[in-house]
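This one's a predicted model, so the numbers in the text were calculated from it and none came from an experiment.
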Amino acid sequence: MPPLARFAPGLAELLEYKLEDAPADIKAGLAVAAVAVPVGIAYAGLAGFRPEIGLYSSLLPLLAYAIFGSSRQLIVGPDAATCAVIAAAVAPLAAGDEVAYASLSAMLALLTGLICIAASFLRLGALADFLSRPILVGFLNGVALSIILGQADKIL
């Protein structure tokens, strides 16, 4: 199991799971789902998808991360910045075609995942230490403004 545990650390944890932990884990899972499901549905709309896509993006990454992830405290799912980037990058290429939009978004997600895996093998996570706080704050403020402007027509 040690070679497999390197690529799927959560699998080793699941194989050694104690049933007496189940009630607390179920409560924690329900608390996370109570927050993640509505947020996922809202972000799906922000990215230009139907609400059920938000359900998939809220629940399936959590299951995958339970097996392949290394942190027990990390929550994985959609966020506003990712949705805004997807909408800005894919919408012009899809030209209004819903099927093309979904296909391009799936390809973008797949390529992003492969790049992240390659960066992990190359130990490139240390590069994030070089991003200054003003750059990160500026990026998040730009995303917030983009979201506000994109949703203004729905509010008004």
Check each of Thr112, Leu104, Leu111 against Leu108 using the side-chain contact (heavy atoms from CB on, under 4.5 Å) test, and report the only one that passes.
Thr112

Crowded around Tyr17 OH? As in, over 12 foreign heavy atoms under 6.0 Å?
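Yes, OH of Tyr17 has more than 12 neighbouring heavy atoms, counting only those of other groups under 6.0 Å.
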
Does Glu52, at its CD atom, have more than 12 non-hydrogen atoms belonging to other residues, nucleotides or ligands within less than 6.0 Å?
yes

Any donor-acceptor pair under 3.5 Å linking the side chain of Ser57 with the backbone of Gly54?
yes

Could you state the interatomic distance from [atom1] ([X]) to [atom2] ([Y]), rounded to the nearest 0.5 Å?
| X | Y | atom1 | atom2 | result |
| --- | --- | --- | --- | --- |
| Ser105 | Leu110 | OG | CG | 12.5 Å |
| Ile41 | Leu55 | CD1 | CG | 4.5 Å |
| Leu15 | Leu11 | CG | CG | 4.5 Å |
| Ile53 | Tyr56 | CD1 | OH | 6.5 Å |
| Leu122 | Leu127 | CG | CG | 10.0 Å |

Heavy-atom closest contact ([X] atom, [Y] atom, distance):
| X | Y | result |
| --- | --- | --- |
| Ala88 | Pro92 | O-CD, 3.3 Å |
| Ala87 | Ala47 | CB-O, 4.0 Å |
| Ala33 | Pro38 | O-CD, 3.9 Å |

Measuring only between side-chain heavy atoms, which start at C-beta, is Leu46 closer than 4.5 Å to Tyr43?
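Counting from C-beta outward, Leu46 and Tyr43 do come under 4.5 Å.
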
Centroid separation under 6.0 Å, is that true for the rings of Tyr101 and Phe49?
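So the answer is yes for these two rings.
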
Lys/Arg-Asp/Glu bridge criterion (N-O < 4.0 Å) met for Glu20, Lys18
no

Val35 with Leu30, same ILVMFWY side-chain cluster at under 4.5 Å:
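No; tracing contacts between hydrophobic side chains, which count when under 4.5 Å, never links both residues.
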
